[in-house]
Amino acid sequence: MKENDTQDLLDLASELRWEVGENFHDTLVEGIYADAAQIAQKTEIKQGEPNPYSFERKLDQVLTSKKYGFPIMILILSIILWLTIQGANYPSGLLARFFLEFLHPILKTGASQVGLPWWLDGFLIDGVYLALGWVISVMLPPMAIFFPMFTLLEDFGYLPRVAFNLDSLFKKSGAHGKQALTMSMGWGCNAAGVVATRIIDSPRERLIAIITNNFSLCNGRWPTQILIATIFIGALVPDSFSSILASIAVIGVALLGVGFTFLSSWMLSKTLLKGEVSTFALELPPYRPPNLWTTLYTSLIDRTLIVLWRAMVFAAPAGAVIWLISNIYVSDLSLANITIDWMDGFGLFFGLNGVILLAYVVAIPANEIVIPTILMLTVAHLNLMGAGDGVMFELESATETAALLHAGGWTLLTGINLMLFSLLHNPCSTTIYTIYQETKSWKWTVFASIMPVILGFLVTFLVTQIWQVFH
Amino acid sequence: MTQKGLIQISSSHVTLTETGKNYALSIIRIHRLWEKYLSEKTGFDKTLWHDLAEAKEHQLSKEEAEALYEELGRPRFDPHGDPIPTALGEMISETGTSIVGVPVGTVAKIIHIEDEPKSIYRQIIKEKLHIGAHIKISASENHHVFFESEGHSIQLSTVVASNIQVVLLTSQEVYEEGKVRLSSLIEGEHATILGISTECRGANRRRLLDLGFIKGTLLTLEYLGPNQNPRAYRLRNTLIALRNDQADLILIEKTQYDRTGSL
Amino acid sequence: MTELEACDSCALNNSAQLLKLGINVDHADYVIALAGNPNTGKSTVFNALTGLKQHTGNWPGKTVTRAEGGYRYKDKKMKLIDLPGTYSLLSTSQDEEIARNFILFGKPDVTIIVVDAARIERNLNLVLQILEITDRAVLCLNLMDEALRHHIDIDERTLGKELGIPVIKCSAIKKQGIPELISTVHQVATRQIICKPHRIKGLSKPAQKMVDKLDKKIRKNYPGQPNSRWIAMRLLDADADVIKALKNGDFDQALT
């Protein structure tokens with residue numbers, strides 16, 4: 001069609017629009033619903049007494065009540081987290097034994113029989129392969145347990161009720177009730193939590209949920225928290241109380257994350273994001289029995305495997321880098337040791353150390369490999385081992401790990417600050433990539449990556465200052 | 001300004017030249033268009049519109065303003081009810097009168113709320129008064145105006161009230177005595193929707209309409225959230241949760257008729 | 001059937017447009033879209049139709065999840081595209097834009113509209129909008145078992161007559177009604193069933209008059225445009241996307 005014909009048409013349209021008034025949208029929707037009502041009336045057959053959905057009403061009255069709503073929610077969430085952390089232990093151990101203890105030596109032997117040069121063997125098997133094995137064995141089981149349970153609750157219709165219950169809390173910080181769900185999803189995996197923000201259809205609230213998801217302590221960080229809390233905080237009290245105190249410390253860190261979520265959500269909605277469109281709508285669908293097998297299948301395919309694949313793509317080069325920095329020497333010192341010495345002063349200023357900072361730089365791809373990397377770097381830095389540098393490992397018991405870390409100069413302050421820094425640092429690269437995918441904006445991706453690190457340094461600095469006043 | 005030929009100074013007073021008038025109108029046009037844009041397409045709070053538009057009115061070129069005008073569907077009024085001058089500098093003249101001085105007992109419709117000075121504008125906003133709202137003057141004394149709107153009794157000082165412009169209802173419009181806000185519905189009560197306030201705009205308005213909050217719809221307040229907010233309403237056999245500030249913008253009439261079980 | 005019409009009904013005809021929307025139809029005989037409100041069991045219908053032959057991804061350039069899959073029926077390969085679940089096509093959310101553009105420009109051979117049988121009045125809002133855009137649709141009255149449990153039944157013959165499209169009762173979770181759905185979709189795809197979709201009648205008189213006036217003008221400019229009335233309604237609503245599409249000539253392409 002010719003251009004001026006189009007212009008003619010548009011002119012006529014706006015001329016008519018002036019006549020019809022500015023609320024044609026209302027007129028249109030009212031018209032459609034009028035037709036809908038008429039058709040529904042002609043075709044709906046009500047048989048006998050209408051059933052008043054009494055079961056659903058009763059269930060809703062309990063699940064959204066002032067008295068039981070919150071306790072039930074906390075109970076269900078605790079059960080899911082407990083099942084995830086405890087239930088993942090066994091399969092994780094199995095996978096680790098298979099990849100790290102069984103397959104790794106076989107590959108090494110194979111490589112030496114084929115006559116692979118030591119550096120290629122180290123680069124590929126000790127670097128890339130070990131990192132991949134580590135990520136799969138630590139990441140896969142918890143996600144394979146966590147996501148299906150979440151999806152089942154979603155399909156049953158419970159999750160919208162959680163959003164309903166918590167909305168008033170989130171509203172105060174300018175966020176959407178559904179952020180409660182993406183936040184909980186973040187406790188499984190931040191990348192999955194960021195993808196899950198798609199359920200929030202309001203642009204402003206969705207951005208808030210994406211940017212603050214990193215404050216949810218993810219699966220990759222729970223083990224770090226538990227280990228460090230056991231070694232440094234649990235050790236403060238007699239043995240019989242130590243696991244309780246350690247648990248309280250870990251839960252405290254997770255709750256601190258929730259606090260930061262609310263605080264930063266509130267700040268974002270009042271400043272950077274105040275111009276974004278904000279709407280609210282929440283349908284509370286009828287309760288329906290979930291379809292178990294389909295749920296298992298789709299949550300495994302859609303959530304678990306996609307996230308795992310992304311993590312593997314990023315972990316492989318990280319493994320290579322970790323091996324390289326431990327094995328490239330510049331005048332008798334490995335690159336790793338040079339960097340650690342160089343970063344140490346900066347690290348101590350924040351109550352951390354060079355090993356921790358380097359570990360967080362090279363372990364950006366996955367929080368799961370932070371502890372193995374720290375142990376490896378500590379050993380390398382103490383010069384405890386000569387050959388085999390760049391091999392990530394974990395020790396059998398917390399006592400051994402404690403001994404090693406104490407030898408590396410760690411104190412209670414280092415432990416506390418590592419726990420804080422583990423909560424408040426940049427998202428892993430899988431999550432950063434996902435944030436970009438979901439926002440399509442470099443600006444928000446960079447902001448979401450940098451903001452938590454700055455907060456982390458701020459908080460650890462403050463803790464260090466307070467610590468020094470008392471010591 | 002004299003050099004630019006926008007004003008002329010005669011012996012006693014300063015007046016706008018014809019060019020000056022046109023320039024002023026084009027600035028007003030951009031200002032009001034931008035306020036319209038902010039109200040429809042962004043999430044900025046309405047107390048911020050004026051300042052943002054003030055900053056924008058000198059930055060937007062004529063071409064950009066035209067593109068915006070097209071994008072917004074050639075609007076006639078800004079969100080405060082003020083007419084937007086056309087590109088040729090024509091402006092629909094206002095016909096409203098100030099709420100002060102309207103005789104007691106009169107029913108009228110708000111057509112304009114002045115957004116300056118800000119302190120007064122905030123007081124009006126606080127009462128949740130908005131363009132299109134019907135009011136009924138109940139008394140006027142002691143530098144105060146008393147009136148009813150959407151089921152609420154409101155009292156404003158004359159200074160504040162004089163910033164609200166109204167017109168009498170036309171013969172087709174009826175003042176609905178029972179017209180109240182959805183937020184006043186009590187658990188288990190039923191109501192018919194009379195409409196969505198014009199204060200609810202852009203994406204928010206469309207979303208509510210799509211969910212079926214339209215004139216004539218029957219609904220029931222099924223239950224409240226643990227903190228009374230949001231609240232779950234059943235309409236067309238579906239439960240939809242709305243926040244109370246949204247429910248403030250939906251006008252209803254309470255009914256006895258229970259439909260929730262029958263559909 | 002003339003040659004032109006015959007080609008109009010085959011999927012490959014529109015493959016260029018579909019490719020633009022991110023759908024590769026190289027190995028499919030017909031393209032079927034699946035639309036519906038959220039919470040109507042749409043994904044259960046999708047799973048019942050495709051089984052495990054499906055994969056998920058994103059719509060190109062968008063953060064909206066897309067699932068596509070396929071099934072065979074009478075030697076024909078059907079490609080099924082799951083559109084985002086929406087309440088309407090009138091707002092400006094990403095989901096609605098994708099669903100709308102797919103039906104409008106992708107011109108699927110059949111659009112299956114899934115509705116919740118216990119809530120048809122509410123679901124009809126979307127159904128009536130879709131029927132303004134396409135004239136090849138099948139209504140899937142899903143969750144029939146749940147509706148009956150709540151003593152609600154639907155007179156599907158009257159509903160079919162009112163809407164002008166075939167109506168199939170289903171309980172996708174129990175696989176009830178799926179074979180009937182598959183054969184009906186095939187009949188619509190092969191034009192054994194010709195739909196006469198319902199057109200919105202409930203507009204107020206003055207609004208109706210304006211729509212007619214604009215509609216006439218559009219039909220003059222675009223002879224043969226099947227959804228001119230819908231375009232007229234969108235123009236009166238100042239739908240920026242439709243205005244842009246008109247200016248870019250997207251509707252000219254959709255015609256050929």
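On a predicted model such as this, the values are computed, not experimentally measured, just so you know. No hydrogens, no waters, no symmetry mates; every other heavy atom, side chains included, goes into these values. Below, chain A is the first sequence line, B the second, and so on; all start at residue 1.
- For the set A:Gln437, A:Glu30, A:Lys42, A:Glu283, the count of heavy-atom pairs under 4.5 angstrom toward chain C peaks at A:Glu283.
- Between A:Ile39 and C:Leu128, the closest side-chain pair of non-hydrogen atoms falls below 4.5 Å.
- The distance from atom NE2 of A:His25 to atom CG of C:Leu236, rounded to the nearest 0.5 Å, is 13.0 Å.
- Heavy-atom distances place the backbone of A:Pro289, and not its side chain, under 4.5 Å from chain C.
- In this structure, the portions of C:Ala238 lying under 4.5 Å from any heavy atom of chain A include both its backbone and its side chain.
- Salt bridge absent: C:Asp145 and A:Arg288 never bring a charged side-chain N and a carboxylate O closer than 4.0 Å.
- With a 4.5 Å cut-off on non-hydrogen atoms, C:Val64 touches chain A through its backbone but not through its side chain.
- Across all their heavy atoms, A:Pro285 and C:Asn39 have their closest contact at CB-CG, 3.5 Å.
- Counting only heavy atoms from C-beta outward, the side chains of C:Gln94 and A:Pro203 never approach each other to under 4.5 Å.
- Remark: C:Met233 CE to A:Phe24 CZ distance equals 7.0 Å, nearest 0.5 Å.
- Using a 4.5 Å cut-off between heavy atoms, C:Asp153 contacts chain A through both its backbone and its side chain.
- The shortest side-chain heavy-atom distance between C:Ile154 and A:Ile45 does not fall under the 4.5 Å cut-off.
- Residues A:Leu12 and C:Lys213 share a closest heavy-atom pair of CD2-O, 4.5 Å.
- Among A:Lys440, A:Glu438, A:Arg198, the residue with the largest count of heavy-atom pairs under 4.5 Å with chain C is A:Arg198.
- The CZ atom of C:Arg122 sits 6.0 Å away from atom OH of A:Tyr33, with the distance rounded to the nearest 0.5 Å.
- Here the closest non-hydrogen pair linking A:Ala13 and C:Leu235 is CB-CB, 3.9 Å.
- With a 4.5 Å cut-off on non-hydrogen atoms, C:Arg199 touches chain A through its backbone but not through its side chain.
- Counting only heavy atoms from C-beta outward, the side chains of C:Ser93 and A:Asp201 never approach each other to under 4.5 Å.
- Separating the CD atom in A:Glu44 from the CD atom in C:Glu121 is a distance of 7.5 Å, to the nearest 0.5 Å.
- Between A:Leu16 and C:Leu214, some side-chain heavy-atom pair lies under the 4.5 Å cut-off.
- The contact between C:Asp116 and chain A is made entirely by side chain atoms (from C-beta outward), counting heavy-atom distances below 4.5 Å.
- C:Arg149 CZ to A:Phe55 CZ: the interatomic distance, rounded to the nearest 0.5 Å, is 10.0 Å.
- Comparing C:Asn125, C:Thr44, C:Thr65 by heavy-atom pairs within less than 4.5 Å of chain A, the highest count is held by C:Asn125.
- Partner of A:Ile32 under the side-chain contact (heavy atoms from CB on, under 4.5 Å) criterion, chosen from C:Leu124, C:Leu90, C:Leu203: C:Leu90.
- Across all their heavy atoms, C:Ala207 and A:Thr27 have their closest contact at CB-CG2, 3.8 Å.
- Looking at heavy atoms from C-beta onward, A:Thr43 lies out of side-chain contact with C:Arg157 at the 4.5 angstrom threshold.
- Put simply, the side chain of C:Lys220 does not reach to within 4.5 Å of the side chain of A:Asp8, judged on heavy atoms.
- Rounding to the nearest 0.5 Å gives a distance of 7.0 Å between CG of A:Asp155 and OG of C:Ser43.
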